[in-house]
Structures are given as C-alpha cells and as structure tokens.
Amino acid sequence: MRILFLGDVVGRPGRVAVMEQLPTLRERYALDFVVVNGENAAGGFGITEPILNELLDAGADVVTTGNHVFDQREALVFIERHDRLLRPLNFPPGTPGKGAGLFKAKSGAEVLVINAQGRVFMADLDDPFRAVERELEACGLKSGADAILIDFHAEATSEKEALGHFVDGRATAVIGTHTHVPTADEQILNKGTAYVSDAGMCGDFDSVLGMDKEEPLQRFLTKIPSGRFSPSSGEATLCGVAIEVDDGTGLARAIAPLRLGGRLSQTEPAFFLTEV
Ligand SMILES: [Fe+2]
Ligand SMILES: [Fe+2]
C-alpha cells in the first residue's frame, strides 16, 4: 500500500498547492491513502467547512489537525458531522470531534489514523502516550487495522522520537507535524515503524512558519504586536512524506520525503516512481 502524508497546510498558498498537485500525485504515484494536516488551512488559523471539503475533494482521505483545530469557532460544530476530520485525541473529555478513526483505503485496506498532540512547550493536555496506547489496544496492527498512521502534532523533537519508539513495531508510521519545517531524519525504526520528526508544511517558505515575515520579526524585535499574522502569499512548497507499507505485516517498507514547488529543494519518493 502506498500512503502520502502532507504536513500543515498554511493559508491559500498551501491550499492551492494541495488542490493543484494532489489529484495528479494520486494518479502518478498510484496512492492508496492520503492524509493532510489542515490545522492552518484557513488564513493560517484553523479550518472552515468549505476548506475541509476542498482538501477532501482534492484527494485527502483524512484531514488531521492540532493545536489550531478550533481557531475557526465553527469547527466546534461542523467537526461533529465530518468523520474524516480529526482533532488531537488527548484533548479533554467532552471536546467535540474525535481523535482517531478507521478508514478504507483505495486498495480496500482498513487504515487507522490517530491524531495526538504533544505536551512539551504546548498546552497541558492528557498524556498522549497513554491515549495512543488505548487506541492501539482497541485496534491493533493486523488484529484491527491493516495500517496505522499516527500524526503526532508536537513541538519537541524529543517527545516525537520517544513516541516513535513507544509504538515501534505496533504502528505503520509516526509522522510529526506542527513545527512546519521538514526534518531530514526519516527512517524505519528497529521494529518496522516509519518515523519522521516533522513532515514540513505546505506553505510559502519565504516566511516565518508560513506567515508573512514582517509581523513575526517586529514582535521579536519589539515585543509589541503591531498587526495580525497573515499567511505569506508566495508559491508554497508541498511538503510531506511517502510511505510504502508491507501489506503482509502492516509495517513500513520505506519512507521518503516529498517536496514540490516553491523555494525548498525538490525531492520525490523514488519508490513511488516505479510501476506498481
Ligand atoms: Fe501548524
Ligand atoms: Fe500546530
């Protein structure tokens, strides 16, 4: 099975990149399953229902989020009607929406997607390790799901690596999001779980984390907010990782970065460019 994961979509440039490129990539790579993190898709902050539908129409099977999930307040309501939109699993009990779901891939395989959020340098949510553990107990690899993807939305690389090792051999992949900058540590852990600390963003890299650089720079220089953050409007780099799943074990055979368009160095997953 071939899976593509795209990191945090930031504003219109990120959405345009996904809408223009994902339909072609689904064909070109013969993708079975696509996950897109949409937490910054609406002007950099949260997601609206029309934007969610755009991402789904472009070819996302599931849209994950993170700390910005409810920045657009309407998401508190519409998340309940969309089972393909996830928010972090370890938000307090009673939070609208859900943090995990079982979804059917194009191949017919059942894919469990878990969205969890870290706690280091972030809000003090419930323990993400125990929350993920409960999901894996309820629906394990090969006992409940053919593949298990975890979007771990976290700030600290230490916490992300620790979660990777915690689920090694029990999940197909742990993919970090939230920091918006792609890391070069993609690897298969000892027991077969694919791992990367951050998938990077789908946004304009002539920016501070996808936002127009003037306001963030002024805030660092003066500590005085002088305007709003708005997404940087240059061409986005589509950033993510590709994962080839061993259909026998549900573990990962390969992981490689994808970076297309915009300013970053371009790379495509070589193992997706061969015939299926
Ligand atoms: Fe983000
Ligand atoms: Fe985030």
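As a basis for the values below, the full set of heavy atoms in this structure was taken, side chains included, without hydrogen atoms, waters or symmetry mates. From a predicted model like this one, the values you see are computed outputs, not experimental measurements. Ligands are counted one by one from 1 in listed order, and the atoms in each one are counted from 1 as well.
Salt bridge annotation for D61-R26: present, with a cationic side-chain nitrogen under 4.0 angstrom from a carboxylate oxygen. Using a cut-off of 4.0 Å between Lys/Arg side-chain N and Asp/Glu carboxylate O, R263 and D206 are scored as salt-bridged. Under 4.0 Å is where a charged nitrogen must lie from a carboxylate oxygen, and between R170 and E137 no such pair does. Using a cutoff of 4.0 Å between basic side-chain nitrogens and carboxylate oxygens, R87 and E39 are not scored as salt-bridged.
Distances shorter than 2.8 Å separate the Fe ion (ligand 1) from the protein N/O/S atoms D8 OD2, E39 OE2, N40 OD1, H180 NE2.
Note on ring orientation: taking the six-membered ring where Trp is involved, the planes of F103 and F33 are tilted (angle from 30° to 60°).
Using a 4.5 Å heavy-atom cutoff, the side chains of F229 and V208 are not in contact.
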